[in-house]
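Beneath this line is the structure, given in structure tokens, with notes to follow.
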Amino acid sequence: LKSQARIARFFRAS
Amino acid sequence: MLELRLVQGGLLKKVLEAIKDLVNDANFDCSPAGFSLQAMDSSHVALVALLLRSEGFEHYRCDRNLSMGMNLNNMAKMLKCAGNDDIVTIKADDGADSVTFMFESPTQDKISDFEMKLMDIDSEHLGIPEAEFQAIVRMPSAEFARICKDLSTIGDTVVISVTKEGVKFSTRGDIGTASIVCRQNTTVDKPEEATVIEMEEPVTLTFALRYMNSFTKATPLASQVTISLSSDLPGVVEYKVAEMGYIRFYLAPKLEE
């Protein structure tokens with residue numbers, strides 16, 4: 001089963 | 001003091017129509033480089049990055065970096081009052097709590113001023129690393145929009161798979177399954193009708209169609225769309241904004257838990 005990832009998982013606050 | 005004059009005011013109207021349903025409030029950042037925006041949707045699954053380079057404006061004055069918080073629905077309401085051929089000027093004073101949109105008809109016989117209240121928006125700016133993608137697909141934007149619309153009548157998610165055979169968009173739902181393959185096609189009369197697939201490695205990713213359909217609201221901006229994919233990374237759906245910049249939509253994939 002696949003679940004929806006969030007953007008914060010890939011891009012960090014700069 | 002900020003004063004940005006855009007002869008192709010219709011572009012700004014189209015930009016707002018493309019992002020207003022995805023993002024409610026956002027900070028527009030103005031610097032000598034250009035007019036930009038970065039914002040996430042309320043679920044933090046998608047991110048939109050807009051850049052309109054300063055060179056694309058007929059007149060671009062930005063004395064110091066300025067961040068203006070705007071409600072995009074309200075901004076879109078105001079820009080809807082501009083004609084498609086109008087020249088649009090965005091004006092703001094340093095520290096002001098409002099921004100003015102001035103619309104000039106092409107023949108200069110009608111000048112409109114719309115002043116909109118600014119808002120304080122607390123948003124974090126994310127660093128987006130430069131990535132090498134495993135696959136980049138460039139195809140007609142209308143074709144991509146049609147595929148997303150068609151597939152969303154069958155299922156909620158799209159599996160995008162790029163191989164040397166082409167790019168495959170597939171879905172499944174309660175009533176059945178659907179699969180659409182687009183092959184590379186560069187032997188077309190017009191370059192905007194081409195489909196070009198650059199593949200370093202085969203890649204397969206799953207995305208929510210709801211977001212893809214939202215991104216396709218940018219279709220009127222550009223005849224071509226570029227979809228960039230790498231395993232386990234957000235997909236990037238990019239529309240050029242004339243010669244002056246781009247709208248990039250980043251969408252987090254669905255991953256195995």
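Note that the structure is predicted; figures quoted are calculated from it, not measured. Naming: A, B, ... by sequence-line order, numbering from 1 per chain.
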Query raised in the report: Taking only heavy atoms into account, what residues of residues 228-238 of chain B are found under 4.5 Å from chain A?
Result: B:D232, B:L233, B:P234

Requested in this report: Measure the shortest side-chain to side-chain distance between A:F11 and B:Y250 over non-hydrogen atoms and say whether it is less than 4.5 angstrom.
Outcome: yes

Query raised in the report: Taking every heavy-atom pair that is under 4.5 Å apart, which of B:E124, B:M40, B:H125 has the most such pairs with chain A?
Result: B:H125

Query raised in the report: Could you give the distance from CG (B:L255) to NZ (A:K2), rounded to the nearest 0.5 Å?
Result: 7.5 Å

**Report entry** Closest approach of B:A252 to A:A5 (non-hydrogen atoms, all atoms of both residues)
**Finding:** CB-O, 3.2 Å

Query - From CD (A:Q4) to CZ (B:F207), nearest 0.5 Å - result: 9.0 Å

Report summary line: The interface call for B:S43 against chain A, heavy-atom contacts under 4.5 Å, is backbone

**Report entry** Heavy-atom neighbours of B:D150 CG exceed 12 at 6.0 Å
**Finding:** yes

Report task. Indicate yes or no: at least one non-hydrogen side-chain atom of B:H44 is less than 4.5 angstrom from one of A:I7. Result -> no

**Report entry** For A:L1 against B:E256, the heavy-atom pair lying closest together
**Finding:** O-OE1, 3.7 Å

Query raised in the report: Should we count CZ of B:R172 as having more than 12 external heavy atoms under 6.0 Å?
Result: no

Report summary line: Honestly, the part of A:R12 sitting under 4.5 Å from a heavy atom of chain B is backbone

Query raised in the report: Considering residues, nucleotides and ligands other than B:N65, do more than 12 of their heavy atoms fall under 6.0 Å from its CG?
Result: yes

Query - Crowding at CG, B:D122 (>12 non-hydrogen neighbours, <6.0 Å) - result: no

